[in-house]
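Quick notes on the structure that follows.
Throughout, a chain's letter reflects where its sequence line sits, starting with A, and its residues are numbered from 1. The model shown is predicted, which means the values in this text are computed figures rather than measured ones.
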Protein chains: 4
Amino acid sequence: MGEIEHGDTPGAPGTGRSASGRRVRADAQRNITAVLDAAKAVFAVSGVDAPVREIAARAGVGLGTIYRHFPQRSDLVVAVFQQEVDACADAAPVLAAEYEPDAALARWLRRYTGFIATKRGLAAALHSGDPAFEPLPAYFQQHLVPALGSLLESAAATGAIRADIAPYELLQAVANLCLPADSDHAQRMVDLLIDGLRYGAPGGRAT
Amino acid sequence: MGEIEHGDTPGAPGTGRSASGRRVRADAQRNITAVLDAAKAVFAVSGVDAPVREIAARAGVGLGTIYRHFPQRSDLVVAVFQQEVDACADAAPVLAAEYEPDAALARWLRRYTGFIATKRGLAAALHSGDPAFEPLPAYFQQHLVPALGSLLESAAATGAIRADIAPYELLQAVANLCLPADSDHAQRMVDLLIDGLRYGAPGGRAT
Amino acid sequence: MGEIEHGDTPGAPGTGRSASGRRVRADAQRNITAVLDAAKAVFAVSGVDAPVREIAARAGVGLGTIYRHFPQRSDLVVAVFQQEVDACADAAPVLAAEYEPDAALARWLRRYTGFIATKRGLAAALHSGDPAFEPLPAYFQQHLVPALGSLLESAAATGAIRADIAPYELLQAVANLCLPADSDHAQRMVDLLIDGLRYGAPGGRAT
Amino acid sequence: MGEIEHGDTPGAPGTGRSASGRRVRADAQRNITAVLDAAKAVFAVSGVDAPVREIAARAGVGLGTIYRHFPQRSDLVVAVFQQEVDACADAAPVLAAEYEPDAALARWLRRYTGFIATKRGLAAALHSGDPAFEPLPAYFQQHLVPALGSLLESAAATGAIRADIAPYELLQAVANLCLPADSDHAQRMVDLLIDGLRYGAPGGRAT
DNA sequence: CATGAATGAGGGTTCATTCAT
DNA sequence: GATGAATGAACCCTCATTCAT
């Protein structure tokens, strides 16, 4: 971990290595990177439903180049998502090493917020029924829960924050700043917000 | 406020009056209502990108009927949005009359959550650059800020909640439980969530 | 039977009636006919793989008009095929009423040859694995086997031809015989086949 | 005739000699052979419209290698066709030496049937208007007419078959007969055609 | 020479919008 | 007014062909 680009699945575009283990040509890798960067930018601006041509144009490559590396439109969405999840997860240990536990937590949540902020339209895609998106929530969870989990633990260990919030729930809550959730969960998060409101109120109570 | 259907713009569909002030024929009004109801349901299920044809089918009317009353597809989105904003705003005084201030606030936030929950894809539309959607945020704000504002004021007056949260911010925060937000604001709400976390922490403080 | 256009399936395009039994608008029917005619001509010239756009252009309609009536490209192929099968089958009783049995048989085989001659590329389509084409052989068989069967029976009853050839086999043989060749030659080969039939018939002659 | 690989055009791939007369490198020749074999197999399975990439994969070579030797896709089709025509023509003298004239004829027609059976989609290609395919019928005729012609002559000389059928016509008839049908049936129809041939022959029998 | 990455024209299909009926 | 047929721009994707490595 540590580089901007890497994937969990060996051979995924962006890894610098093909599935066969053979070295990917330098120019191909450059294109993959350009496409992912362009897709990330375009998705952020126009949502994940943006035309592939728009991404190709911004990346400065032909349509076929995108389809070579991402045979389905959805593969591109998945790849961008995973790359950003990876980058975000990688930030956790870095911040933990640099800051006090609760500062590291707060900073990571900001970092994570930045990640989430570009996900316009992804929620709709996730609920579109397209099976290509089914693994995404699991990917999200598998990478970010441990990352946030250790930050939360450290902060709770110092007594800076309460200890009864599961990493997954907090991830979802912040994610929901962009992604629609099922009502139950939304409700819980509204309650948490209301807790936040009551904190510091004249009639509120501490501990 | 008060009727099921009304708009801000004189002569908008749903008012019961045409721009010329002439009375809209009863069957035309029935069609408008059917279309709006159908659109609301379809948007909730398939998102705001659902084909117009699907709405026409569910409303039991022809395509032309929809386009007669809503010349652009976006007009339909706008109308549904406004109608739901109105209904939601109208709920505030009703709840205020029935419940204690902080209970009324909590209930209204739930009501509002239900409203927001059906907005899949709307955020993407709002940021699509289509000028038809430009007035929507203002409409949202003009109607819901006063509604929530009075609930917040009443609750703060009793000391049940802190007094330093602006209605608009809270609206956005809860909205974002489903819809993507711009970064600044998301950040503030993350901070609020963190406050919520700290509330009840061993090392937390009250007041 | 008897009209140029009719289908086996109620509500199929070309019937003049929609599936709901409601009358199809006259202009729509005109377009359906134009599309079928254009498709028939284009298929004959360019094969069944011809672009839909080419058919639309020749029919003088928009692309959407074709897709309205034939939601899949293959539906158009199927419809043209069925229409021609129908027309061909309908010719059998007409010829039987006008000519002596073996003359009627020979003429019908020529008629059938003309039908087959326009099927360039259809065989490949039939073997393409596309499930849309699966019912075609059955349709072909259900309509043409009886048509040819009665002609064969009548001719065999007069002793003009041998009686041991099944209609289906003869249909296939002639179909295969005619596909890629020019008409003159196909005709000669049909004649040869007919010679083959006559060889060994009770009323046949040797040398 | 006689070698496995040879073409009519000097310097065509498969000849073992380049246009300049220089010896083709052994590995290049190996590649050409592999490509032709792969193309033959792929055309038989997927038709002549199969993607070039599929052929490259099966041949175990890169796309560029194919295009080096066959600059146009159609060149590959032509080469495969010619190679198979050659192999088929070469079988005639071999069979003539081994069997009685009419047995040799019948066996060769079966051999020829096997050749034709792999030509799915070729007929459509031949009529596609692509000038690359224009010489094919002539090639077919120049090689197979003499091959079949001598077999027919020998058989007619013994009185086993009638003498009034031109080789070219019989080639076409059998070719067309075999394309789309399953083998068993095609074989029966070939038999019927042969019956047709025998009908009217000096040594034939009636009833 | 061989490879396979890149290109982009072209094909099927959808759907907002117009307009004849 | 209401209907839904017609239109065609725009989308996703494939694949023949070129050319950098």
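- Comparing B:Pro51 and A:Thr65 by the nucleotide of DNA chain E that holds the closest heavy atom to each, the one mapping nearer the 5' end is A:Thr65.
- As a whole-Å value, the separation of A:Asp75 CG from F:dT14 P is 11 Å.
- In this structure, CD1 of A:Ile66 is placed 10 Å from P of E:dT7, rounded to the nearest angstrom.
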Collect all protein-nucleotide pairs involving nucleotides 17-21 of chain F in which both atoms are nitrogen or oxygen and the distance is under 3.5 Å.
from   : atom 1 : to      : atom 2 : distance (Å)
F:dT17 : OP1    : D:Gln72 : OE1    : 3.1
F:dT17 : OP2    : D:Arg73 : N      : 2.9

Dot-bracket encoding of pairs in DNA chain F, which uses [ ] for pseudoknotted crossings and | for another strand, Watson-Crick or G-U under 3.5 angstrom: .||||||||||||||||||||

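- As judged by a 4.0 angstrom heavy-atom cut-off over every strand, A:Ala56 is placed among residues making no nucleic acid contact.
- Summarising the geometry, atom CZ belonging to D:Phe70 is positioned 12.5 Å from atom CZ belonging to D:Arg73; distances are rounded to the nearest 0.5 Å.
- Contact check, D:Asn31 against E:dA2: a side-chain N or O comes under 4.0 Å of OP1 or OP2.
- Summarising the geometry, atom CG belonging to B:Leu63 is positioned 5.0 Å from atom CZ belonging to B:Arg53; distances are rounded to the nearest 0.5 Å.
- Separation of atoms CG (C:Leu122) and CZ (C:Phe43) is listed at 9.0 Å; rounding is to 0.5 Å.
- From B:Lys40, atom NZ reaches atom CZ of B:Arg58 across 11.5 Å, with rounding to the nearest 0.5 Å.
- Not one side-chain nitrogen or oxygen of B:His69 sits closer than 4.0 Å to the OP1 or OP2 atom of F:dG1.
- Between A:Ala50 and C:Val61, the residue anchored nearer the 5' end of DNA chain F, judged by the nucleotide with its closest heavy atom, is C:Val61.
- Per the geometry, CD1 belonging to B:Ile32 stands 9 Å off P belonging to F:dA2, to the nearest Å.
- Atom CD of B:Glu54 and atom C1' of E:dT14 are 13 Å apart (whole Å).
- Taking every side-chain heavy atom of B:Ala28 into account, F:dA2 is the closest of E:dA16, F:dA2, E:dT3.
- Nearest approach of B:Gln83 to B:Leu36, heavy atoms of both residues: OE1-CD1, 3.5 Å.
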Verdict with supporting geometry, D:Leu136 and D:Gln82, side chain to side chain contact (heavy atoms under 4.5 Å, CB included): CA-CA 8 Å; D:Leu136 279 195; D:Gln82 291 182 340; 4.3 Å; yes

B:Val52 and B:Tyr67: CA distance, side-chain angles, deciding distance, side chain to side chain contact (heavy atoms under 4.5 Å, CB included) verdict: CA-CA 9 Å; B:Val52 174; B:Tyr67 277 93; 3.6 Å; yes

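- Atom P of nucleotide E:dT14 and atom CZ of C:Phe70 are separated by 15 Å, given to the nearest angstrom.
- In this structure, the separation between NE2 on D:His69 and CG on D:Asp75 is 12.5 Å, given to the nearest 0.5 Å.
- Look at CG on B:Asp49: it is 17 Å from P on F:dA10, rounded to the nearest Å.
- Summarising the geometry, the separation between CD on D:Gln29 and C1' on E:dA2 is reported as 16 Å, rounded to the nearest angstrom.
- Using a distance-only test at 3.5 Å, with no hydrogens or angles considered, no donor-acceptor pair links the side chain of B:Thr65 to the main chain of B:Val61.
- No contact: C:Ala59 has no heavy atom under 4.0 Å from any strand.
- Across the protein-nucleic acid pair, B:Ile55 atom CD1 and F:dG4 atom C1' stand 16 Å apart, rounded to whole Å.
- For the pair A:Asp37 (side chain) and A:Ala34 (backbone), a donor-acceptor distance under 3.5 Å is absent.
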